Amino acid sequence: MAPPWLVAAHRTLRTSGTPAVPEAGVPRSGVLGGRRFEAHPSVRDDGMVAWWLVDDTDHQLAREALHMERERTAFLVRASNSLLSSLNLGRCMDVTAQLAAESLADAALAIAPAHGNRLPVVTCSRGGTPALSEEAVDPDDVPGLGEALRGFPPVPSRWIDPASAPRWMVPDGFGPVGSIVITPLPGHGVPAGALVLLRKTGSTAFSDEEEIFARLFAARSGAAMSAARLYAEQTAITDILMQELLPPTLHQISGVDFAGRYRPSADNVRIGGDFYDVHPASVEGEPSLVTIGDVCGKGLEAAVLTGKIRNTLHALLPLADDHQRILSLLNTALLTSHHTRFATLVLASAVRRGNEVDLKLTSGGHPAPLIIRADGTVEEADTRGTLVGAMPRVSASSAAVTLAPGESCVLYTDGIIEAKGGPMGDAQFGEARLKRALAECAGMPCEGIAEHVQMLAAQWLGSRRHDDMAVVVISAPRTHYLSAVNGTTRGRYTA
């Protein structure tokens with residue numbers, strides 16, 4: 001007996017009235033005996049129609065498989081683009097769960113390795129939005145989940161009883177679970193987590209091909225999550241290390257006012273080759289050690305050497321009064337280092353004596369400090385020396401300076417005076433312009449002076465490129481020393 005689809009095709013041909021074109025409007029394919037055939041009509045001379053059946057099963061299966069592969073490839077491309085568009089771990093987990101729920105299952109869970117005793121889980125149902133939760137559960141209580149989080153090969157879904165899915169794994173309103181897949185999210189060397197796919201009761205169970213495709217998707221998701229986690233770890237490490245390299249916030253120490261400003265050579269970095277520090281004396285009444293310096297070069301490599309110099313100077317604090325000795329030991333440390341860079345710096349010892357501040361200033365190849373007197377006169381400290389880290393021996397001369405109340409000493413790096421800008425864009429800010437600007441700062445608090453210098457340099461530069469810039473101001477505040485009530489114990493400074 002002819003199959004119904006062939007009978008219908010024959011009737012349509014007989015009633016079409018167009019025997020010369022028998023193919024017009026005739027359905028010519030259908031299933032017969034579990035196989036798919038194409039039917040081609042042929043009209044005989046006596047008016048009878050003969051149908052030739054061609055087995056098209058293999059070709060149809062190949063076309064369907066090709067179409068499916070194209071859809072899956074397009075999905076993987078979209079997934080890769082979405083996953084790689086962010087280095088945020090939470091965002092990667094959201095995208096993983098949402099894409100899987102839309103294209104692979106009725107609901108999906110992206111599970112990250114446990115933090116302590118809590119399991120980060122992002123859950124998403126088809127058509128819904130991802131939701132993050134932290135579950136205080138043991139993943140080994142769920143068949144296949146503990147193994148997936150440890151990176152072991154996935155357990156086939158037919159081996160997992162859907163009824164074993166715990167309540168926290170099933171989204172609200174989802175209903176009974178009909179089929180479940182749990183597959184690892186491979187990472188870079190360590191597992192990135194696990195992917196859980198859920199289908200409702202009544203839906204088609206996961207086939208072997210679908211499980212294999214889920215692993216392909218999981219591999220891309222795991223790589224993205226692993227990259228995001230690695231980026232987050234490196235960012236955290238960088239922030240910790242950066243805190244040690246950033247210039248400190250300065251304030252009043254033992255009756256002496258300090259202020260500092262720093263601007264790196266690029267807006268997208270926070271550190272560079274300029275540095276400054278103030279090391280308080282371990283004994284009250286002893287000088288505090290102030291350092292400002294400039295390492296040859298810019299960026300992270302210069303900042304690393306800057307950190308080494310700062311740590312070396314901190315270790316040499318017991319020799320704070322012997323500037324020549326400090327410079328010599330620092331020079332030796334740099335010469336024996338694998339770095340090939342050198343540095344210039346100024347050492348300043350500052351101590352309060354009554355209402356005045358006594359300074360000892362020593363330059364190691366660095367621009368000499370400038371003294372702002374109360375009448376607006378700007379003096380250059382008489383100190384010179386050789387740079388550090390370039391020659392076997394260093395030499396330097398020190399200058400003794402006394403600051404009266406309201407007077408200040410300005411230490412700066414050459415990034416300020418060498419800043420190119422102005423009306424024509426190629427003129428250096430220069431030492432003469434800096435001295436004129438400082439002459440207008442007589443009597444100003446040290447914070448105001450430091451801010452004024454940085455502002456003028458920034459205005460001179462505009463948006464042009466520049467070197468690292470740093471400035472430190474030491475001031476003798478307009479204060480008086482008060483003794484305690486009994487006249488013998490240590491007093492304090494007050495405005």
Side-chain angles (χ1 to χ4, degrees), residues 244 247-248 250 252-258 260 273-296 305-337 339 341-354 356-371 379-403 407-414 470-476:
E244 294 297 320
L250 304 185
Q252 189 181 83
I253 299 175
S254 299
V256 181
D257 286 345
F258 299 97
D274 287 5
F275 65 94
Y276 59 78
D277 278 303
V278 176
H279 304 281
S282 57
V283 179
E284 185 68 27
E286 293 295 321
S288 298
L289 181 63
V290 184
T291 61
I292 186 171
D294 181 3
V295 172
C296 174
L305 183 55
T306 293
K308 178 174 181 177
I309 292 175
R310 292 173 66 184
N311 290 335
T312 303
L313 289 172
H314 189 270
L316 296 176
L317 283 181
L319 304 174
D321 280 341
D322 193 344
H323 290 184
Q324 178 64 49
R325 181 65 171 159
I326 290 178
L327 292 176
S328 296
L329 292 174
L330 178 60
N331 185 67
T332 302
L334 293 182
L335 288 175
T336 57
S337 170
H339 296 282
R341 297 178 182 270
F342 57 86
T344 66
L345 72 158
V346 169
L347 302 178
S349 296
V351 62
R352 181 71 176 256
R353 309 287 188 195
E356 299 178 332
V357 173
D358 289 339
L359 296 176
K360 179 182 179 182
L361 304 170
T362 306
S363 172
H366 200 82
L370 299 177
I371 314 301
E379 303 172 358
E380 184 176 301
D382 186 17
T383 173
R384 299 289 184 273
T386 54
L387 51 83
V388 182
M391 295 176 288
R393 290 182 176 80
V394 295
S395 61
S397 62
S398 299
V401 175
T402 298
L403 301 179
E407 295 182 340
S408 300
C409 174
V410 179
L411 288 66
Y412 61 94
T413 59
D414 59 8
V471 59
V472 172
V473 181
I474 308 170
S475 296

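In this text, all values refer to a predicted model and were calculated from it rather than measured experimentally.
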Nearest 0.5 angstrom please: [X] [atom1] to [Y] [atom2], how far?
| X | Y | atom1 | atom2 | answer |
| --- | --- | --- | --- | --- |
| Ile292 | Ile474 | CD1 | CD1 | 9.5 Å |
| Phe342 | Thr386 | CZ | OG1 | 12.0 Å |
| His279 | Leu316 | NE2 | CG | 9.5 Å |
| Thr312 | Leu329 | OG1 | CG | 10.0 Å |
| Leu317 | Ile326 | CG | CD1 | 7.5 Å |
| Arg352 | Gln252 | CZ | CD | 7.5 Å |

Do you know the tightest heavy-atom contact between [X] and [Y]?
| X | Y | result |
| --- | --- | --- |
| Leu403 | Ile371 | CD2-CG2, 3.7 Å |
| Leu347 | Leu345 | CD2-CD1, 3.8 Å |
| Phe275 | Asp294 | CE2-N, 3.9 Å |
| Pro369 | Thr383 | CD-CG2, 3.9 Å |
| Ser475 | Val256 | O-CG1, 3.7 Å |
| Ser349 | Pro287 | CB-CB, 3.8 Å |

Which residues satisfy the side-chain contact (heavy atoms from CB on, under 4.5 Å) test with Asp322, sequence neighbours excluded?
->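 Per chain and number, Asp322 pairs via side-chain contact (heavy atoms from CB on, under 4.5 Å) with Gln324, Arg325.
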Distance-only polar pair, side chains of Asp274 and Thr413, donor-acceptor under 3.5 Å =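 Present: a donor and an acceptor within the cut-off.
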Sidechain-backbone polar pair: His323 side chain, Ser363 backbone, donor-acceptor under 3.5 Å |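 Not at all, since once roles are kept as given, no pair shorter than 3.5 Å links the two residues.
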Without swapping roles, check the side chain of Asn331 against the backbone of Pro392 for a donor-acceptor pair under 3.5 Å.
->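 Confirmed, Asn331 side chain pairs with Pro392 backbone.
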Please report the C-alpha distance between Val290 and Phe258 in whole Å, then the side-chain angles of each, then the deciding distance to 0.1 Å, and finally whether the side-chain contact (heavy atoms from CB on, under 4.5 Å) criterion is met.
-> CA-CA 9 Å; Val290 184; Phe258 299 97; 3.5 Å; yes
Applying side-chain hydrogen bond (donor to acceptor under 3.5 Å, both in side chains), which residue pairs with at least one partner in residues 393-403 are found, sequence neighbours left out?
->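 For residues 393-403, and leaving out neighbouring residues, the side-chain hydrogen bond (donor to acceptor under 3.5 Å, both in side chains) pairs sorted by first residue read Asp358-Thr402, Thr362-Ser398.
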[Y] and [X], any side-chain heavy atoms less than 4.5 Å apart:
| X | Y | result |
| --- | --- | --- |
| Leu334 | Leu305 | yes |
| Leu361 | Val401 | yes |
| Thr344 | Asp414 | no |
| Ile309 | Val388 | no |

Name the one of Leu289, Asp277, Thr291 that satisfies side-chain contact (heavy atoms from CB on, under 4.5 Å) with Leu313?
->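 Between Leu313 and the candidates, side-chain contact (heavy atoms from CB on, under 4.5 Å) is satisfied uniquely by Thr291.
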